[in-house]
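Okay, so here's the structure we're looking at.
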Amino acid sequence: MDYLESLNPPQREAVEHTDGPVMIIAGAGSGKTRVLTYRIAHLIYAKGVDAFNILSLTFTNKAASEMKHRIEALAGLEARNTWMGTFHSVFAKILRVESEKIGYPSNFTIYDTDDSKSLIRSIVKGMHLDDKVYKANTVLSRISGAKNRLISWQAYQDDPFVKADDEAAMKPKMGEIYQRYQERLFKAGAMDFDDLLFNTNILFRDHLDVLNKYQQRFKYIMVDEFQDTNVSQYLITKKLAAVHQNICVVGDDAQSIYAFRGADIQNILNFEKDYPDLFVVKLEQNYRSTKTIVEAANSIIDKNKAQLKKVVWTSNPDGDQIELIKASSDNEEGRIVATTIFEEKNNKKLSNNDFAILYRTNSQSRSIEEALRKMNLTYKIVGGLSFYQRKEIKDLMAYMRFTVNPADEEAFKRVINYPKRGVGDSSVEKMLVAAYEHDIPLWEVVTNAHSFLPGRAGNAVDDFATMIKAFQIDVERKDAFEAANNIAKQSGLLRELYEDKTIEGLNRYENVQELLNAIKEYVDNPENEDKSLGAFLQEIALLTDNDQDKDQTEAITLMTIHSSKGLEFKQVFVVGLEEDLFPSQMMMQSREDLEEERRLFYVATTRAMDKLYFTYALTRYRFGRLLNCEPSRFLEEVDPACIKVNKRMAATREMPGALRKEGLPGSSGFIGIKKKPETRVATTMKVHTPSPDFKPSNTNNLRAEQLVEHPKFGFGKVQKIETEGLNRKATIQFEHFGEKTLLLSFAKLRIID
DNA sequence: CACGTCCTCCTTTTT
DNA sequence: GGAGGACGTG
């Protein structure tokens, strides 16, 4: 097999050792994806395994599609039959076939986080509890944590330790909320993300025939990013592999960054106990990065206590030192990053694709975006507010969801009075209460509205029910596209958006059209056998926006560090290296938390192949205010030999060694109670206070020479207005902030005439 | 019941 | 600096 020749000895071992339990500890940049794809190819071609019998689980959609492409390129179309996907999507598919065995309809809805939170809010309200004590976020993460550890609501309520915990936190009703939450989900024929895994476990526990069917099918199982699996996921895989025992997990404990979602680093540390005859391979040679970058990364991760021993090394050249850039503000940070990219592109003949800008939180993208736009650099944002989270998209999807599954309470609440049809909050509340108290399906209440609602509202609900019934007939007879198209038109949603002639309204209209296009594509794709609307909805519920980056234009990539895992770029900027931002203040409860943040930093640095930049700003807009920032403690932890201070750096304050004020916790690992930095407004910047009567004007008739006021930048004069597709941009000369180019659909401007 | 305005809270990461 | 909820008015 000549393709094996291109592998180094441990890689080759990992590929060739196909039978029995295998754990591959793969350092960053050690060719992990390569090994996985080769392994699958090897199974199919050298061992004659039917691709149909291989299951390959990944963590993100992005990783799954990347693998799919690579395996197809390597092994041809045959490999396409391999079942490859995220845990959630693979088991959602299985549940769609089997869910009736555990009492759920096969067209069950998948609730996203917003749906879940909204349901929790409604439950807390219904129990007359204080929604400040039982915040949707807190409650949901508590419930989610329980489900990820396979603790049912019954077990939750029976567990004295959990109870003591909740009582200590002054939240004794948590167990009851959990129970009601599950009951309401069940009644709505809905599962949240965690249920997809939880219920798969239930299914496999209670229906051995079903388990056996899939055990027989999946003779070879591979789990990528194993360090990120939670207990629930691990148990599913373990059960599936119990017959053939051909389980291969690939991971790197140093890159475990999903503890907040229940990922348990112990899974990887304990794997050996579960499989005593485990074969372990370590991939330690890094092929991706320069020596400097590998050494810097090692120096970061060395500080962590909980880790498997391994030595990542490289034979690549030394490369440049890491550039440390200090900026005086987040905007300046953006500007420096943009100019640096511009220069590097010219000097080294690089393309936009070679650059990535990584940040800790999605909200940090804004200042960077502005700077890039100003320099005419094309960029794309991965993640963030995805297409499917926009209001207009969720509205249309809610119509489709309710049509397919008229028990879906959250979808119902979204559409019953949108567009307005005279059914107010109190009527909606009455119907929900009726369904709950009489223990009848919501749909029964909706179709018998007059028994529950007086006059006008009752009539309106009647009309609504008639409309939905017509949609249901469409869904049965027609494919997803025709049905959806009809729903968009008949519901009045499309008309409502069409009548909104503002730029935002146009955008929303376009977005809905785009969703319809996506459905058309889904229907036209011969790979999708089930062309019903229900199938499409299921597919889409687990999609973030990764599949949409079809526009393969050359662009600089902006994303959070979390979504950067598995990717590589020639030059990487890690921005916003400020204390409380990275490491995140929300995260810092324990040593483990600090270690996870450090692993995150490790992930960020190891994305870079040739050149790495660290940047931080001394002032930054956060929480809508201008804050003073301290440089991140992480900067001190990097081997100083790897760093060089950039000349562009603002001249205030001194550099490494003196990064930190005395008395703050340093690299000793000590975490004290965090002192909140004073949040005073920097005196060097003039911050505009808008006039008391400030109200953004409609900017449709804005023209050059006009005077305007902006809430942040103050007064300015319009230089020119450009139209680019649907976007209109205005270049404005501000008194104190210089020239800015603003996208008019977002800019809040007051026109002074 | 609809609409406008004010208030409050939340700002971590993903399926 | 955004979203969602509460509250008051028409």
Side-chain angles (χ1 to χ4, degrees), chain A residues 57-64 85-92 110-114 116-118 121-122 125 131-132 135-138 141 144 147-148 191-198 225 228-230 232-233 256-263 358-364 366 382-386 388-389 391 417-429 453-457 460 540-546 559-565 576 580-589 593 596-597 599-600 603-604 621-627 690 695-696 711-712 746 748:
Chain A
L57 294 165
T58 58
F59 215 65
T60 59
N61 292 310
K62 198 159 14 114
T86 64
F87 275 92
H88 289 86
S89 73
V90 165
F91 296 113
I110 299 172
Y111 272 12
D112 68 11
T113 314
D114 288 339
S116 299
K117 280 192 212 156
S118 157
R121 260 182 236 118
S122 135
K125 206 172 176 183
D131 59 3
K132 287 185 187 78
K135 287 181 203 147
N137 255 332
T138 326
S141 71
S144 170
K147 285 193 207 168
N148 286 332
M191 298 189 198
D192 67 12
F193 287 135
D194 304 313
D195 283 336
L196 295 174
L197 306 171
F198 188 92
E225 307 284 8
D228 290 330
T229 51
N230 58 38
S232 176
Q233 290 166 321
S256 168
I257 54 174
Y258 283 100
F260 70 91
R261 195 170 111 177
L358 307 181
Y359 34 76
R360 177 68 234 268
T361 70
N362 278 308
S363 57
Q364 282 167 261
R366 249 197 11 186
V382 177
L385 185 70
S386 90
Y388 296 104
Q389 284 172 310
K391 181 183 179 309
N417 200 30
Y418 180 81
K420 298 259 181 301
R421 51 175 68 88
V423 186
D425 294 346
S426 59
S427 305
V428 175
E429 194 59 30
L453 293 176
R456 284 203 317 276
I540 223 172
L542 295 167
L543 223 60
T544 39
D545 64 349
N546 68 306
M559 62 189 152
T560 61
I561 300 167
H562 280 89
S563 33
S564 75
K565 194 151 65 168
D580 289 343
L581 184 60
F582 189 25
S584 153
Q585 73 203 347
M586 307 234 40
M587 190 70 196
M588 304 289 281
Q589 308 290 326
D593 293 339
E596 174 147 331
E597 292 284 298
R599 289 193 292 269
L600 203 49
V603 169
Y621 273 97
R622 265 206 294 165
F623 325 133
R625 325 203 138 254
L626 189 58
L627 302 186
K695 232 185 231 173
K712 197 156 103 191
F746 295 109
K748 288 189 176 157

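Here is how names work: the chains are called A, B, and so on, in the same order as the sequence lines, proteins then strands, and each is numbered from 1.
Across B/dT15, B/dT12, B/dT14, the shortest atom-to-atom separation from the side chain of A/Ser563 is found for B/dT14. Here the nucleotide nearest the side chain of A/Thr560, chosen from C/dG5, C/dA6, B/dT13, is B/dT13. Out of B/dT12, C/dG1, B/dT15, the shortest distance to the side chain of A/Arg360 is found at B/dT12. Out of B/dT14, B/dT11, B/dC3, the shortest distance to the side chain of A/Lys420 is found at B/dC3. Comparing atom distances between the A/Arg121 side chain and each of B/dC9, C/dG4, B/dT15 picks out C/dG4 as nearest. Closest contact between the side chain of A/Ala457 and the listed nucleotides B/dT15, B/dC1, B/dT13 involves B/dC1. If you check C/dG1, B/dC10, B/dT13 against the side chain of A/Lys135, the one that comes closest is B/dC10.
To the nearest angstrom, P of B/dT13 lies 16 Å from CG of A/Asp593. Between A/Lys117 atom NZ and C/dA3 atom C1' the separation is 11 Å, expressed in whole Å. What separates CG of A/Asp580 from P of B/dT12 is a distance of 12 Å, to the nearest Å. Here B/dT15 presents its C1' atom at 14 Å from CD of A/Glu225, a figure rounded to the nearest Å. Per the geometry, CD1 belonging to A/Ile110 stands 15 Å off C1' belonging to B/dT14, to the nearest Å. Rounded to an integer number of Å, the gap from A/Phe582 CZ to B/dT13 P is 13 Å. Rounded to whole Å, atom P of B/dT15 lies 15 Å from atom CG of A/Leu57. What separates NE2 of A/His562 from P of B/dT14 is a distance of 7 Å, to the nearest Å.
Taking the salt bridge (charged side-chain N to carboxylate O under 4.0 Å, His left out) definition, one finds that A/Asp593 meets it with nothing, sequence neighbours left out. Residues that satisfy the salt bridge (charged side-chain N to carboxylate O under 4.0 Å, His left out) test with A/Lys125, not counting sequence neighbours, are absent from this structure. A/Glu225 pairs by the salt bridge (charged side-chain N to carboxylate O under 4.0 Å, His left out) definition with A/Lys32, A/Lys565, not counting sequence neighbours. Residues that satisfy the salt bridge (charged side-chain N to carboxylate O under 4.0 Å, His left out) test with A/Asp192, not counting sequence neighbours, are A/Lys147. Every ring-ring contact (aromatic ring centres under 6.0 Å, His included) that A/Phe260 has, sequence neighbours left out, goes to A/Tyr258, A/His562.
A/Met559 has its side chain within reach of A/Leu358: a pair of non-hydrogen atoms, C-beta onward, lies under 4.5 Å apart.
Centre separation under 5.5 Å together with a plane angle under 30° does not hold for the ring of A/Phe87 and the six-membered base ring of B/dT15, so they are not marked as stacked.
Counting any heavy atom pair closer than 4.0 Å across all strands shown, A/Asp425 reaches no nucleic acid atom. Using a 4.0 Å heavy-atom criterion, one finds that A/Asp112 contacts no nucleic acid atom at all. Counting non-hydrogen atoms under 4.0 angstrom, A/Ala541 reaches nothing in the nucleic acid. Residue A/Thr361 is classed as a sugar-phosphate contact, given heavy-atom separations below 4.0 Å to backbone atoms only. Residue-level contact check: A/Ser427 touches the backbone only, with heavy atoms under 4.0 Å from sugar-phosphate atoms and none from bases.
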Represent DNA chain B in dot-bracket notation, 5' to 3'. Only Watson-Crick or G-U wobble pairs with both distances under 3.5 Å count; pseudoknot-style crossings use [ ] and interstrand partners use |.
||||||||||.....
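The 5' end of DNA chain B is approached more closely, in terms of each residue's nearest nucleotide, by A/Asn417 than by the other of A/Leu600 and A/Asn417. Heavy-atom distances to DNA chain B give each of A/Thr113 and A/Ser426 a nearest nucleotide, and the one nearer the 5′ end belongs to A/Ser426.
Side-chain N or O atoms of A/Asn417 include one that pairs as donor or acceptor with a backbone N or O of A/Val423 at under 3.5 Å.
Checking the phosphate oxygens (OP1, OP2) of B/dT11, no side-chain nitrogen or oxygen of A/Asn362 falls inside 4.0 Å.
Minimum heavy-atom separation, A/Phe59 to A/Asp228: CZ-O, 2.9 Å.
Between A/Leu542 and the options A/Leu196, A/Thr86, A/Val90, a side chain to side chain contact (heavy atoms under 4.5 Å, CB included) holds for only A/Leu196.
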